[in-house]
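What follows is a short report on a single structure.
In what follows, chains carry the letters A, B, and so on, assigned in the order in which the sequence lines appear, proteins first and then strands, with residues in each chain numbered from 1.
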Amino acid sequence: MLRSEEKPFEEILGYLEDQDRVFILGCAGCAQSSQTGGMPEVLVMKERLEGAGKTVTGHSVIDFLCQKALVASRLQPLEGKVMGADSLLVLTCGVGVQSVAAMVKKPVYPGCNTVNLGGSRGEWQGSERCMECGDCLLYYTGGICPLTACSKSLRNGACGGASDGKCEVSPEKPCGWELIYARLKEIGRLDVLKKFVPPKTWNTMRPRPEILSTSLWALEQRD
Amino acid sequence: MALREALDKGKFAVTTEVGPLKGTDTTEILEVAEILNGKVDGVNVTDQQSAVMRLGSLATCSMLVEKGMDPVFQMTCRDRNRIALQSDLLNADVFGIRNVLAISGDFPTLGDHIDAKDVYDLDTEQLIWTINRMNEGYDLADNELQGKTDFFVGAVVKPVSDTEASFELQLAMMEKKINVGARFFQTQAVYDADAFENFMKRARQFKIPVLVGIIPLKSAGMARYMNKNVSGVFVPEHMINDMAKAKDKMATGFEIAARLINDLKDLCQGVHIMAIGWEKKVPEILQLANLT
């Protein structure tokens with residue numbers, strides 16, 4: 001799940017400065033859960049845009065905007081309203097905006113910002129995070145990822161900036177390395193703290209080209 | 001005496017540090033250099049201290065070399081990736097800089113460019129390892145250098161911690177830093193000889209020079225601020241009271257600093273004075289502590 005939050009309305013009006021006619025799109029997936037792009041938010045946006053003197057040619061909420069084939073088939077019956085707009089305002093995460101942009105030959109504007117969740121989570125949305133770094137170090141750190149648990153992503157140990165076990169970056173965030181210490185102590189492996197982790201390859205963090213294509217390629221190709 | 005030579009000979013080493021200003025005006029730095037020249041074994045130049053953008057450590061160290069001093073080039077991992085770090089190490093060598101102090105660096109959000117991207121491509125231990133690799137004549141990609149570096153590498157350690165985890169991590173990382181090539185340590189400011197002895201009891205086994213950190217107090221408010229905001233700094237209540245009662249704050253701050261140096265001197269191999277704006281007065285502190 002991607003979490004999004006509303007952009008300031010002034011910023012949206014800035015994008016839309018010379019766009020009089022706007023079509024609004026929401027998403028019944030993550031954006032609805034984030035309360036940024038479900039039907040209630042789409043209707044509020046419609047009212048605000050009209051209040052700012054815009055014409056809203058139409059609006060729709062699709063589940064899910066990240067599914068491009070669905071975007072195309074759901075927008076087909078609304079083609080007149082979509083193509084009759086100067087631009088589309090999409091109230092979703094960055095994926096939804098890109099997916100709509102890929103399917104509709106019109107300017108597409110983001111109505112939300114996507115919130116960084118500190119790495120990927122599992123299908124079950126627990127607190128553990130994975131940076132998808134392609135070079136797993138969890139052996140050294142008692143099964144707690146230093147890239148996601150430490151604000152500086154330090155691989156060899158704490159920076160020395162923590163106070164009362166909290167990170168120098170935010171007093172609400174525990175020092176990732178103090179968590180790692182506690183775990184290593186618990187499992188009787190404090191000795192690994194002394195192992196040197198050599199400079200990391202960041203090259204594996206760049207996705208391979210074939211990974212960037214969709215797993216639903218057959219569906220998309222047919223479009 | 002140069003820092004490496006002083007430590008090698010077992011002299012009680014004295015270092016201090018200067019922070020470049022924001023801008024191109026180097027008047028203050030040069031005045032400080034003039035006063036400190038010949039009175040200390042090494043002068044650290046901070047690297048964008050507190051993540052506040054300013055004149056760099058490299059250029060300032062180079063100016064100090066020209067004055068015949070022995071600067072310690074502080075290098076954080078925050079702002080440069082491994083290409084820039086290695087290149088700046090080569091730059092430092094050709095400018096005649098002989099000491100490097102590797103630190104991670106305060107996070108950008110603690111400074112004045114809070115929107116900056118943090119780097120930490122290498123962490124501190126990896127930077128120390130890299131410097132030693134360059135001393136051996138190779139870069140991180142295993143290419144041979146046309147002319148290798150010869151740096152005396154330092155690192156930092158926080159002797160007093162507020163949690164067991166932090167204390168033990170500091171010791172484990174100190175050992176790791178030594179294993180990858182650190183040759184001396186500077187510490188966070190210490191205000192309690194018993195707490196420092198508690199640390200040295202464990203650190204002594206590493207047989208590595210430790211320069212204890214001293215920050216002269218300027219006021220009770222400064223002490224309370226550090227207690228609240230600076231990790232690893234614990235100024236005891238009686239010192240805060242002494243500062244609060246003092247008519248001449250500078251004199252009292254210096255007396256406390258001199259007393260601390262004398263209390264700590266036998267536990268370590270040197271002292272690192274961070275005067276924070278009072279750099280020109282460091283010789284007075286040294287005199288009070290009978291270190292001249």
Interface residues of residues 144-159 of chain A facing chain B - heavy atom cut-off under 4.5 Å: A:Ser151, A:Lys152, A:Leu154, A:Arg155, A:Asn156, A:Gly157, A:Ala158, A:Cys159
Counting only heavy atoms not in B:Tyr225, do more than 12 sit closer than 6.0 Å to its OH atom? no
Is B:Leu127 in contact with chain A via its backbone, its side chain, both, or neither, using a 4.5 Å heavy-atom distance? neither
Does CD1 belonging to B:Ile83 count more than 12 external heavy atoms closer than 6.0 Å? no
Taking heavy atoms only and a threshold strictly under 4.5 Å, list by residue number the residues of residues 151-172 of chain B that touch chain A; give 'none' if the list is empty. B:Lys158, B:Asp162, B:Thr163, B:Glu164, B:Ala165, B:Ser166, B:Glu168, B:Leu169, B:Gln170, B:Ala172
Mind listing the closest non-hydrogen atom pair of B:Ser231 and A:Ala162 along with its distance? OG-O, 2.5 Å
Tell me, for B:Leu122 versus chain A, whether the close heavy atoms (under 4.5 Å) come from the side chain, the backbone, both or neither. both
Are there more than 12 heavy atoms of other residues, nucleotides or ligands under 6.0 Å from atom CZ of A:Arg3? no
Comparing B:Lys176, B:Glu125, B:Gln188, B:Met173 against chain A, the one with the most heavy-atom pairs below 4.5 Å turns out to be B:Lys176
Is it true that, when you exclude B:Gln146 itself, more than 12 heavy atoms of the residues, nucleotides or ligands shown sit nearer than 6.0 Å to its CD? no
Would you please go through residues 184-196 of chain A and name the residues with a non-hydrogen atom below 4.5 Å from one of chain B, in numerical order? A:Lys185, A:Leu193, A:Lys194, A:Lys195, A:Phe196
Looking only at B:Asp118, B:Val180, B:Val230, most heavy-atom pairs under 4.5 Å shared with chain A are made by B:Val180
Quick check: does any side chain N or O of B:Thr109 sit under 3.5 Å from a backbone N or O of A:Val169, one acting as donor and the other as acceptor? no
Crowded around A:Lys106 NZ? As in, over 12 foreign heavy atoms under 6.0 Å? yes
Are side-chain heavy atoms of B:Phe107 and A:Cys167 found at a separation under 4.5 Å? no
For residues 31-53 of chain A, give me every residue with a non-hydrogen atom less than 4.5 Å from any non-hydrogen atom of chain B. none
In sequence, state the C-alpha distance, the side-chain angles, and the governing distance for B:Arg82 and A:Trp202, and then conclude on side-chain contact (heavy atoms from CB on, under 4.5 Å). CA-CA 11 Å; B:Arg82 66 189 75 183; A:Trp202 299 106; 3.5 Å; yes
Contact winner vs chain A - B:Asp121, B:Asn179, B:Thr130, heavy-atom pairs under 4.5 Å: B:Asp121
What part of B:Asp106 lies closer than 4.5 angstrom to a heavy atom of chain A: side chain, backbone, both or neither? both
Nearest 0.5 Å please: distance from the NZ atom of A:Lys200 over to the CG atom of B:Asp123. 11.0 Å
